[in-house]
Amino acid sequence: MTDSLTVRDNRTGLEYDVPILDGTIKAGDLGKIRTDDDEPGLAVYDPGFTNTASCRSSVTYIDGEKGILEYRGYPIEQLAEGSTFLEVAYLLIHGALPTKAEYEAWVHEITYHTFVHENVKSFMQGFRYDAHPMGILMASVGALSTFYPDAGRISDADNRHIQVVRMIAKMPTLGAWAFRHAQGKPYVYPDNDLSYTANFLSMLFKMSESKFEADPRLVKALDILFILHADHEQNCSTNAVRSVGSSQVDPYSAVAAGVGALYGPLHGGANEAVLKMLRRIGSKENIPAFIEGVKNGNEKLMGFGHRVYKNFDPRATIIKKACDDVFEVTGVNPLLAIAKELEKIALEDEYFIKRKLYPNVDFYSGLIYEAFQFPPEMFTVLFAIGRTPGWLAQWVELVQDKEQKIARPKQIYTGDRRLDFVPASERWA
Ligand code: CMC
C-alpha cells in the first residue's frame, strides 16, 4: 500500500499521483491537474471549509463521532473536574501543565494585568445606553491595540507573551464593564485579592459593599464553564482569529475579529437564542407544535446540532451536571423543565436521529447563565472570556508556523466579464 492517490483526469486521460500525508492531500497538488498550460489548475470548492484542513495544530483534539474533546491531550472531563481555568489557559498557551512555581507566576502575572487604562473606561462610556455588550467587547478589545502599539512586534516571543497575559487578564474587566454599562451602573475595578473568576463576578455584581465574594459553588461552576469553552479547534471564531492574524496584524485586532465571529447566532450567539426559544415555547404542552415547525423548516432547534459532534457534545454532558450545582444555590430555572422535555422529545424523533442532531454546549449553558442573573446579551461575552486563551494559543501557534501564509481562499467567479463601461452622463441621459 502506498500513501498516495492516483487521479485520472477524464478530460485529458492523464493520470497524476498525489501524495497523502496525515489523511490529507495538498490542495496545491491538485492545482497541477489542468487541461492545458493556460487554464487554471483544478481547485477544491468547499464553502464553510467543511472538509478542508487549514493548519496543523497541536492545541485541541476532537473526535466528533466518539464525543472526545482534549486540550493538549488532556480529556475535557478531567480538566473540568480537577483543574482551574487559569491552569487550563496556561496549558493551552504553553502546551504543558505548569509546575507549582510556573502556575503561581502565571496567576500573579494575569492578576496584575487586570486593570485597563482609564481612557478605555472613557471609551466604553461613549457607547449608547442600550449597546449590546458583545459590540462593546469587540470594539474595546480592538481598541487595546492602540494602547499597546508594541503588540505589532509579533515575531518577538517576550512581546507575544505580555500581550497574551494582558488579553486573558483584561477580558473579564472589559466584559464586566460592558455589562455594567448596559445596567447604567458604575464600573467596578478589579479586586486582585480574588481569583480570576471570583474577581469577574465581583466586577459584575459589586455594589456598595466593601468586598464582593460570590458563593464559592457559583465561582466553581463559572470556572468550569470557562474551561469548557476554552478552545474548540478550527471553529468559526478561531478561524477568524487565524485568518486575520495571518496578515501579521497585532493579536488584539485578530482577537477582535474572533469576538465578532462569536457574536453570530450560529456560533456563540446560540445560547442567547436558546433562551429566547425556550421562553417563546413557554410550556411543555407547546413543544410538539414547536418541533413540527422545526421539522417543516420554519426554524432551527437552537442549541442542537454541531458541525463536528455527531453523537454527543461532551461539553453539554458536563454542563448538564453543572446545572444542578448552580441551581442548588440559585433555585431551579423554570425553563429547565422545558429544556429537558424538548431534549427528550427531539432525541426520540426520526428527524433529529437521522441528521445526528444532539444538544450542544449552548443548549444548557444559557440556563446556568440566567441563574447567575445574566441577561441573555451577556451570554456570548462569557463564551468570549472562556475562549480567549484558545484564540491566543492558536494565534501563537499560527505566527510560529512556517507553513502558514496570508489567508486567501480561491473563488469560482460567476459574474459578467468584459462589459463596456458607459459613463453615468450617457446612461442617465
Ligand atoms: N435544528 C433543526 N435542524 C437542524 C439543526 C437544528 N439546530 N441543525 C442542523 N439541522 C439540519 C439542517 O437543516 C440540515 O438538514 P437537511 O440535511 O435536511 O438540509 C442538517 O441538519 C445538517 O445541518 P447543517 O446546517 O448542514 O450542519 P452544519 O454543520 O452546517 O451546521 C450548526 C452546524 C451548529 C451551525 C447547525 O447545527 C445549527 O445551526 N445549529 C443551531 C445553532 C447552534 O446551536 N449553534 C451552536 C453550535 S455549538 C457552539 C459553537 O461552537 O459555537
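Just follow the structure's listing: the first ligand is 1, and inside any ligand the first atom is 1.
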Is there side-chain contact between Trp106 and His94, with at least one heavy-atom pair below 4.5 Å?
yes

Under-4.0 Å heavy-atom contact with ligand 1, by part of Val294 that carries it:
side chain

Could an N or O of ligand 1 be found under 3.5 Å from any N or O of Asn360, whether backbone or side chain?
yes

Can you list the atoms of ligand 1 that are under 4.0 Å from a heavy atom of Gly303?
43 (C), 44 (O)

Please state which part of Asp313 comes within less than 4.0 Å of ligand 1, counting heavy atoms only: side chain, backbone, both or neither.
neither

So does Lys321 pair up with Asp324, basic N to acidic O under 4.0 Å?
no

Is it the case that more than 12 heavy atoms not belonging to Gln183 sit under 6.0 Å from its CD atom?
yes

Taking only non-hydrogen atoms of Asp362 and a 4.0 Å limit, the atoms of ligand 1 in range are 46 (C), 48 (S), 49 (C)

Hey, what's the ring geometry for Phe374 with Tyr369, parallel, tilted or perpendicular (30° and 60° as the breaks)?
perpendicular

Atom 16 (P) of ligand 1: which of His229, Arg307, Arg355 has the nearest heavy atom?
Arg355

Check ligand 1 against Ala270 and write out every atom of the ligand that is under 4.0 Å from a heavy-atom position of the residue.
43 (C), 44 (O), 45 (N), 46 (C)

Any heavy atom of Asn235 closer to ligand 1 than 4.0 angstrom?
no

Restricting to pairs with a member in residues 300-312, which pass side-chain hydrogen bond (donor to acceptor under 3.5 Å, both in side chains), not counting sequence neighbours?
His232-Tyr309

Under 4.0 Å and counting heavy atoms only, is there anything from the protein next to atom 19 (O) of ligand 1?
no

Name the closest protein heavy atom to atom 42 (C) of ligand 1, giving the residue it belongs to and the distance to 0.1 Å.
Met302 CE, 3.5 Å

Quick check against the 3.5 Å criterion: does Asn296 have a side-chain atom that pairs as donor or acceptor with the backbone of Asn298?
no

Does the Lys NZ or Arg CZ of Arg72 fall within the cation-pi geometry relative to Tyr74 - under 6.0 Å from the ring centre and within 45° of the axis?
no

What protein heavy atom sits nearest atom 3 (N) of ligand 1, and how far off is it?
Tyr351 OH, 3.0 Å

Counting only heavy atoms not in Gln248 (residues, nucleotides, ligands), do more than 12 fall under 6.0 Å from its CD?
no

Ligand 1 N/O within reach of Glu299 N/O, cut-off under 3.5 Å
no

Identify the heavy atoms of Ile25 and Pro19 that sit nearest to each other, and give their distance.
CG2-O, 3.6 Å

Consider only side-chain N and O atoms of Ser202 and Asp191, and report whether a donor and an acceptor are under 3.5 Å apart.
no

Would you say atom 46 (C) of ligand 1 makes contact with the protein, given that contact here means a non-hydrogen protein atom less than 4.0 Å away?
yes

For Tyr263 and His132, take the angle between the two ring planes, folded into 0 to 90°, and tell me which bin it lands in: parallel under 30, tilted 30 to 60, perpendicular over 60.
tilted

Among all protein heavy atoms in this structure, tell me which lies nearest to atom 4 (C) of ligand 1, with the distance rounded to 0.1 Å.
Leu357 CD1, 3.5 Å

Can you check whether a protein heavy atom sits less than 4.0 angstrom from atom 27 (O) of ligand 1?
no

How are the rings of Phe200 and Phe226 set relative to one another: parallel (under 30°), tilted (30 to 60°) or perpendicular (over 60°)?
tilted

Leu301 heavy atoms within 4.0 Å reach ligand 1 at atoms 1 (N), 2 (C), 6 (C), 7 (N)

In terms of the angle between their ring planes, are Trp177 and Tyr189 parallel, tilted or perpendicular, with boundaries placed at 30° and 60°?
perpendicular

Are any non-hydrogen protein atoms located under 4.0 Å from atom 24 (P) of ligand 1?
no

Return the closest protein heavy atom for atom 36 (C) of ligand 1 as residue, atom name and distance.
Lys300 NZ, 4.0 Å

Is Arg279 paired with Glu370 through a side-chain N to carboxylate O contact shorter than 4.0 Å?
yes

Tell me whether ligand 1 is touched by Phe363 - counting only heavy atoms on the residue side and a distance under 4.0 Å.
no

Atoms in ligand 1 with a heavy atom of Gly268 nearer than 4.0 Å
52 (O)

Considering only non-hydrogen protein atoms, determine which one is nearest to atom 34 (C) of ligand 1 and report residue, atom name and distance to 0.1 Å.
Gly305 O, 3.7 Å

Could you identify the single nearest non-hydrogen protein atom to atom 40 (N) of ligand 1 and state the distance to 0.1 Å?
Phe304 O, 2.9 Å

Per-residue contact class, Val361 against ligand 1 - non-hydrogen pairs under 4.0 Å
side chain

Lys295/Glu292 salt bridge by N-O under 4.0 Å criterion
yes

Among all protein non-hydrogen atoms, which one is nearest to atom 50 (C) of ligand 1, and what is the separation to 0.1 Å?
His267 ND1, 3.5 Å

Less than 4.0 Å between atom 31 (O) of ligand 1 and some protein heavy atom, yes or no?
no

Does ligand 1 come near enough to Arg315 that some N or O of the ligand is less than 3.5 Å from an N or O of the residue?
no

Just which atoms of ligand 1 are under 4.0 Å from any heavy atom in Leu266?
39 (O), 45 (N), 46 (C), 47 (C)

Ionic contact status for Arg280 with Glu299, cut-off 4.0 Å:
yes

